[in-house]
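One structure is given below, encoded as structure tokens.
Sequence lines set the chain letters: A, B, ... in the order given, protein chains first and strands last, and positions in each chain run from 1. As the structure is a computational prediction, the values presented were derived from the model and not from experiment. Hydrogens, waters and symmetry mates play no part in the numbers below; they use all other heavy atoms, side chains included.
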Amino acid sequence: MDDTSWAQLTSSQKKAVCHKEGPLLVIAGPGSGKTRVITHRIAALINSGIRPYNICAITFTNKAAEEMRHRAVALGASGGAHISTFHSLCVRILRAYADEAGINRNFSIYDEADQRRCIKQAVKDCELDATNFSPARMLDAISTLKNKLIDVDAFGSQADDFFSQRLAQVYARYETILAERNGLDFDDLLKRTAFLLEGRSEVRRQLGDRFKFLLIDEYQDTNHAQYRIAKALASAHGNICATGDPDQSIYRWRGADIRNILAFESDWPDATVVRLEENFRSSADILEAADRLIAFNKNRKQKRLVPTRPHAKAVLVTSFEDEADEAEAVARQIEELVDCGTSLNEVAVFYRVNAMSRVIEEALIAGNIPYQIVRGVEFYSRKEIRDLLAYLKVLVNPSDEIALLRIINTPARGIGKVTIERVRNYAVRRGITFFEALKHAGDIDVLSKAAKSKLAAFVAMLERFKTASTGDVAPLAERVFSESGLEGSLRGAGAEGLDALENVDELITAVAQYDRQAEEPSLTDFLQQISLFSDADAYDASGNRVALMTLHAAKGLEFENVFVVGLEDGLLPHERGIDDEDELEEERRLFFVGITRAKTNLQVSYSRYRTIRGQMLRSVPSQFLFELGCGFDERSEEEDTSEKSEFDHHSMTAPEFAVGELVRHKAFGLGRVEKYVNMGGSSVVVVNFSSGQRKSLMVRYAGLSKMSDLGR
DNA sequence: AAAACATACATTTTT
DNA sequence: TGTATGTTTT
């Protein structure tokens with residue numbers, strides 16, 4: 001990987017970036033090498049005599065952290081700097097200061113599936129009806145509260161309407177359930193750390209002493225809790241360096257607050273600000289399109305993308321009949337690229353939602369093109385993986401009832417619902433954990449003799465594992481896998497068991513790798529680390545395969561050739577974000593991130609029909625297509641229409657509209673034209689309806705009537 | 001108690 | 001469309 005971006009910095013920029021003292025903000029557009037700037041700063045600090053031990057760099061993903069470690073070493077900075085995500089850092093801090101934080105250091109980390117179970121229990125305990133208080137909705141609300149660092153007490157005292165009061169109830173119950181199980185969810189990791197740092201000055205001082213230099217990448221996607229953590233960590237010395245690009249903020253839905261980066265200069269008044277506007281990645285054609293697109297965002301500081309690469313190839317905007325056509329065309333073009341000498345790891349296909357990967361996969365399989373899907377969780381949410389991990393979790397944290405209930409009868413060992421319910425009752429009555437009750441199963445009168453002996457055998461097995469649970473993790477994992485009977489049950493399950501066995505093999509390989517690279521391998525540490533990993537971290541850029549991923553996963557990557565598919569109203573922008581101006585702008589930023597991944601070839605496309613949930617629906621091209629200002633690919637448009645002959649897009653006429661004109665739609669009512677793109681029969685009009693909705697409509701199908709015609 | 005079956009259900013993005 | 005849950009059957 002070349003280092004043009006660094007070499008091109010002016011000497012004053014270099015000096016600012018490498019300067020030791022004080023706050024530093026690097027605002028940098030896509031392709032400007034901002035992550036590399038951080039790496040250079042790390043190297044420069046170390047070369048100037050700062051101990052790596054005193055440096056803490058925070059990245060957005062584990063993969064980015066790993067990459068940064070490699071690059072720093074390549075620049076001559078020996079290892080030793082702490083480079084990780086916020087979440088990993090918090091795990092380390094919470095383990096080191098467990099007593100001060102008031103938690104047990106063997107805590108389990110609860111992922112979304114675990115959270116769902118807890119919240120369901122909480123809703124049930126509060127005797128609320130699950131339709132109005134759906135677990136998903138509750139979880140979402142609670143997560144938002146936690147990200148804003150509003151704890152149960154604070155929220156409870158300000159809850160004044162019916163919904164908030166019920167929510168406060170569920171929130172409280174949920175927190176109690178987590179506490180009983182010694183579990184922390186993702187949001188807790190941040191929340192607890194923030195409160196620890198803010199509440200304990202000696203902890204803050206010690207960590208400020210340890211991490212004398214704080215560097216944070218992708219600052220535009222930090223949430224409020226992360227913001228407070230960063231602030232606390234840097235409070236002692238002010239050596240905080242943040243890099244980011246407000247135009248690439250795409251995680252609002254997860255609590256990311258763009259104000260964090262916008263307020264950096266007022267938070268740190270003596271901050272040095274470096275702006276990097278030159279783009280070393282993409283051709284001028286791509287950047288011009290990206291520039292035109294992002295200019296449609298109103299809540300944005302004016303910023304330009306300055307190309308350093310010449311014009312190369314026009315951005316291609318193409319339409320297809322349906323999603324299968326679209327996928328096939330992508331596959332065909334990839335074949336052509338390969339024929340011209342492109343290697344497959346220089347090609348990526350981006351889409352808005354994971355569900356869209358299937359049709360692309362099918363086309364690639366048909367074309368015999370190797371590919372790799374970069375996806376969020378997947379691997380760790382497989383049943384067999386969760387089962388094995390649940391055994392390990394219980395060894396570390398016997399209070400983890402979720403894990404315990406998962407394995408108590410997996411594989412089947414004749415411990416059924418009734419038995420479990422009886423044990424649970426006993427536990428509740430005695431005020432002890434489920435596991436403690438299990439240990440005393442012999443004393444539970446209502447249990448049958450058979451049940452007692454089965455439970456005793458189960459507990460004895462766990463105790464056996466427990467004695468072997470120190471040191472390297474891999475041997476333990478293997479032993480648990482075979483002795484628990486998991487292995488046997490998979491082997492007996494025929495063909496689908498085989499897949500599962502392979503997955504477990506893969507897990508054990510990963511465990512062995514952990515054992516090798518961890519300074520001090522421990523089961524606790526392993527489990528806590530693995531909880532924060534996702535499939536996206538396993539993306540292997542060196543494999544000679546096409547990369548398939550969502551636009552979100554594309555962040556931080558770059559490819560010679562990029563295809564973005566499904567540019568349809570309701571998909572991109574997604575329907576959930578279409579009515580809200582802020583969310584629409586985020587969708588636009590998401591598309592912006594996608595197209596700025598491309599170095600030379602960029603093709604965006606949409607299909608006129610798309611099958612969604614088994615139903616084929618006519619789709620409307622995304623407004624973003626027009627905002628690119630690249631025009632449609634006339635040729636493919638004609639090809640498609642000649643095949644279909646029923647409609648001729650170009651010769652068909654449709655009424656014309658003017659911006660600002662009042663119109664009426666039979667479903668959406670009265671509205672005002674915000675934008676009109678005249679393309680003959682396929683003209684598109686964007687209308688703001690008085691209902692507050694805003695729609696892109698194809699004039700031909702919309703049946704809009706002009707208010708100015710009414711009187712005639 | 002487990003498997004087979006039926007039915008309702010919700011459907012974005014991920015540390 | 002698939003998943004995820006509940007119901008019936010064995």
Between B:dT12 and C:dT5, how many Å separate the two C1' atoms, rounded to a whole number? 23 Å
Atom-to-atom span, CZ of A:Arg358 to C1' of C:dG2 - whole angstrom: 9 Å
Verify the stacking flag for A:Trp253 against B:dT13: centroid separation must be under 5.5 angstrom and the ring planes must differ by under 30 degrees. yes
Nearest to the side chain of A:Arg352 - B:dT15, C:dG2, B:dT13? B:dT13
Here the distance between atom P of B:dT12 and atom OH of A:Tyr351, to the nearest Å, is 15 Å
Identify whether any heavy atom of A:Phe60 sits under 4.0 Å from a base atom; if not, whether one sits that close to sugar-phosphate; answer base, sugar-phosphate or nothing. sugar-phosphate
For A:Ile408 and B:dA1, what is the distance between atoms CD1 and P respectively, to the nearest whole Å? 12 Å
For A:Leu184 and A:Ile103, run side-chain contact (heavy atoms from CB on, under 4.5 Å): C-alpha distance rounded to whole Å, both residues' side-chain angles, the deciding distance at 0.1 Å, then the answer. CA-CA 10 Å; A:Leu184 299 184; A:Ile103 56 176; 4.1 Å; yes
Should A:Asn409 be listed as having a side-chain N or O under 4.0 Å from OP1 or OP2 of B:dA2? yes
For the side chain of A:Arg254, starting at C-beta, report the closest nucleotide among C:dG2, B:dT15, B:dT13. B:dT15
Mind checking if A:Ala412 touches a base, just sugar-phosphate, or nothing, with heavy atoms under 4.0 Å? sugar-phosphate
Tell me the interatomic distance from A:Tyr219, atom OH, to B:dT15, atom P, rounded to whole angstroms. 21 Å
Proximity to the side chain of A:Thr85 - top-ranked nucleotide from B:dT15, C:dT5, B:dT13: B:dT15
Hey, which of these two, A:Glu583 or A:Val418, hits DNA chain B nearer its 5' end, going by closest nucleotide? A:Val418
Intermediate values then yes/no, salt bridge (charged side-chain N to carboxylate O under 4.0 Å, His left out), A:Lys34 and A:Asp245: CA-CA 9 Å; A:Lys34 65 178 144 54; A:Asp245 177 6; over 6 Å; no
Salt-bridge test for A:Glu587 and A:Arg352: reply yes if a basic N is under 4.0 Å from a carboxylate O, no otherwise. yes
Taking only the side-chain nitrogens and oxygens of A:Thr61, find out if one of them lies under 4.0 Å from OP1 or OP2 of B:dT14. no
Roughly how many Å is it from CD in A:Glu575 to P in B:dT12, rounded to a whole number? 9 Å
Gap between atom CD of A:Glu585 and atom CG of A:Asn297 - 0.5 Å precision: 4.0 Å
A:Leu139 has an atom CG; how far is it from atom C1' of B:dT14, in whole Å? 13 Å
Measure from CD on A:Glu112 to C1' on B:dT12 and round the result to the nearest Å. 11 Å
Might you work through the side-chain contact (heavy atoms from CB on, under 4.5 Å) test for A:Lys555 and A:Asp221, ending with a clear yes or no? CA-CA 11 Å; A:Lys555 168 168 165 161; A:Asp221 279 320; 2.3 Å; yes
Strand DNA chain B in bracket notation, Watson-Crick/G-U under 3.5 Å with | for pairs to another chain: ||||||||||.....
NZ/NE/NH1/NH2 to OD/OE distance under 4.0 Å, A:Arg181 and A:Glu401: yes
OP1 or OP2 of B:dT12 less than 4.0 angstrom from a side-chain nitrogen or oxygen of A:Asn354, does that happen here? no
As a test of reading the structure: which of B:dT12, B:dT14, B:dT15 is closest to the side chain of A:His574, going by heavy atoms? B:dT12
Roughly, in whole Å, what's the span from CG in A:Leu572 to P in B:dT13? 13 Å
Below 4.0 angstrom from OP1 or OP2 of C:dA4, is there any side-chain N or O of A:Arg116? no
What distance separates A:Tyr174 OH from A:Asp125 CG, expressed to the nearest 0.5 Å? 13.5 Å
Can you spot which of A:Phe60, A:Phe264, A:Tyr227 makes a ring pair (Phe, Tyr, Trp, His ring centres under 6.0 Å) with A:Tyr219? A:Phe264
